[in-house]
Number of protein chains: 2
Amino acid sequence: MESRIDRIKKQLHSQSYKLTPQREATVRVLLENEEDHLSAEDVYLLVKEKAPEIGLATVYRTLELLTELKVVDKINFGDGVSRYDLRTEGADHFHHHLVCIECGAVDEIQEDLLGDVEKVVEEGWNFKIKDHRLTFHGICHRCHPKDHKESEGSEE
Amino acid sequence: MESRIDRIKKQLHSQSYKLTPQREATVRVLLENEEDHLSAEDVYLLVKEKAPEIGLATVYRTLELLTELKVVDKINFGDGVSRYDLRTEGADHFHHHLVCIECGAVDEIQEDLLGDVEKVVEEGWNFKIKDHRLTFHGICHRCHPKDHKESEGSEE
DNA sequence: CTATTTTTTTATAATAAGTTTAAATCGTTA
DNA sequence: TAACGATTTAAACTTATTATAAAAAAATAG
Ligand SMILES: [Mn+2]
Ligand SMILES: [Mn+2]
Ligand SMILES: [Zn+2]
Ligand SMILES: [Zn+2]
């Protein structure tokens, strides 16, 4: 658990950036809220609890830096704000999202699922895929009483 | 070509909205730029050419209305603006996008491709899918000289 | 047709997310 | 210690989008 920070620290150093106290506090907040999809403002408020003197601009700069380093992914669910999602270590694809239009919950799909589709796209459209964003909008299992088969697959 | 407007007009009327001159001008701009992914500002500038007295707020309101009516889809490619994309008439799924990280071009994939994936998600995650957003980021066929097989599938 | 009500638009002000700037701080090196 | 580069802070600024109030247009009633 501590080594995760260390690895991020090394990643920063490898690009000659430092892990300042402010950056560390920000990364810790992200690690401690890995399940969530926090906006910059959300992160700011949480970071302030451990480092009350930090400025919002620093949080923005840190998140931007972490995005460049591919430590986090910046996503947008269509409400007016960007959200920051820790990239699963070692995963070679970005996970997918299920956004519930009833309750607003955002669940994650860690399974790839897109392998075949990407092959078709790369060949059919002669497009070299580097990344993807896949979001489904619909009604989550909590919001419709349908047939509740015991959940397969991982989720939230 | 004219009937497309008429059908949108009917859709508006069915919800007791009117196709005002400003709304009509806005819809026409969208129809005439179906290939593009215009921001509200882009639409505003184009609409001004045919209806110079229109206000930006009206364009925003019209686009919001058309989004509600599912005439357009509001999308976000991660630059700070929302873009509006005419929904292909009769298509039961929203098309996908290929964003080139070299030249910025945005190409479209009209093919569904996601049928199997959606089945897996609906069953595995007990999630009732209503809509989706799929975007691939990578290098478009114009930006890498690789093997240029004569294009299959439709694009841009 | 006029008067009245409802819808829509305009112009402008207000918000809110995100970025930039200049001065202060911190860590390191000469 | 002096000097330098990187970073942060606080505040000003920019830009996209929304809200408000008054004017205009359209629909409805008498
Ligand atoms: Mn996520
Ligand atoms: Mn499109
Ligand atoms: Zn739900
Ligand atoms: Zn390209």
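The shown structure was predicted, so the numbers you read here are calculated from the model rather than taken from an experiment. Residue numbering restarts at 1 for every chain, and letters A, B, ... go by the order of the sequence lines.
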Taking the minimum atom-to-atom distance to the side chain of B:Arg23, which one of C:dT9, C:dA11, D:dT8 wins? C:dT9
Go nucleotide by nucleotide along DNA chain D from the 5' end; which of A:Ile54 and B:Ala57 gets its closest nucleotide reached first? A:Ile54
Please determine, for the side chain of A:Thr58, which listed nucleotide (D:dT7, D:dT8, D:dA16) has the closest atom? D:dT8
Give B:Ser39 one of three labels, base, sugar-phosphate or nothing, depending on what nucleic acid heavy atoms sit under 4.0 Å from its own. nothing
Side-chain N or O of A:Ser82 closer than 4.0 Å to phosphate OP1/OP2 of C:dG18: yes
B:Arg61 CZ to D:dA16 C1': how many Å, rounded? 16 Å
Considering only NZ, NE, NH1 and NH2 on the basic side and carboxylate oxygens on the acidic side, decide whether B:Arg133 and B:Asp73 come within less than 4.0 Å. yes
Check: B:Glu108/B:His96 side-chain N/O donor and acceptor closer than 3.5 Å: no
Between B:Pro21 and B:Lys74, which is nearer to the 5' end of DNA chain D once each is assigned its nearest nucleotide? B:Lys74
Would you check if there is a donor-acceptor pair between the side chains of A:His93 and A:Glu111 at a distance under 3.5 Å? no
Separation of atom CG in B:Leu56 from atom C1' in C:dA11, rounded to whole Å: 11 Å
Taking only N and O in the side chain of A:Thr20, is any of them less than 4.0 Å away from OP1 or OP2 of D:dT8? yes
Roughly, in whole Å, what's the span from CG in B:Leu63 to P in D:dT18? 10 Å
Please state how far atom CG in B:Leu38 lies from atom C1' in D:dT17, giving the value in whole angstrom units. 17 Å
Euclidean distance, atom NZ of residue B:Lys18 to atom P of D:dA24 [Å, nearest integer]: 17 Å
Stepwise, does the ring-ring contact (aromatic ring centres under 6.0 Å, His included) test hold for A:His144 with B:Phe127? CA-CA 9 Å; A:His144 68 72; B:Phe127 185 90; 8.1 Å; no
Nearest to side-chain heavy atoms of A:Gln22, which nucleotide of D:dT9, C:dA17, D:dA16: D:dT9
When rounded to whole Å, the CG to P distance for the pair B:Leu19 and D:dA25 reads 17 Å
Spacing between A:Glu64 atom CD and D:dT7 atom P, to the nearest angstrom: 13 Å
Whole-Å distance separating the OH atom of A:Tyr60 from the C1' atom of C:dG18: 5 Å
So B:Glu53, base contact, sugar-phosphate only, or nothing? Heavy-atom distance under 4.0 Å. sugar-phosphate
Hey, does B:Asp42 have a side-chain heavy atom less than 4.5 Å from the side chain of B:Val29? no
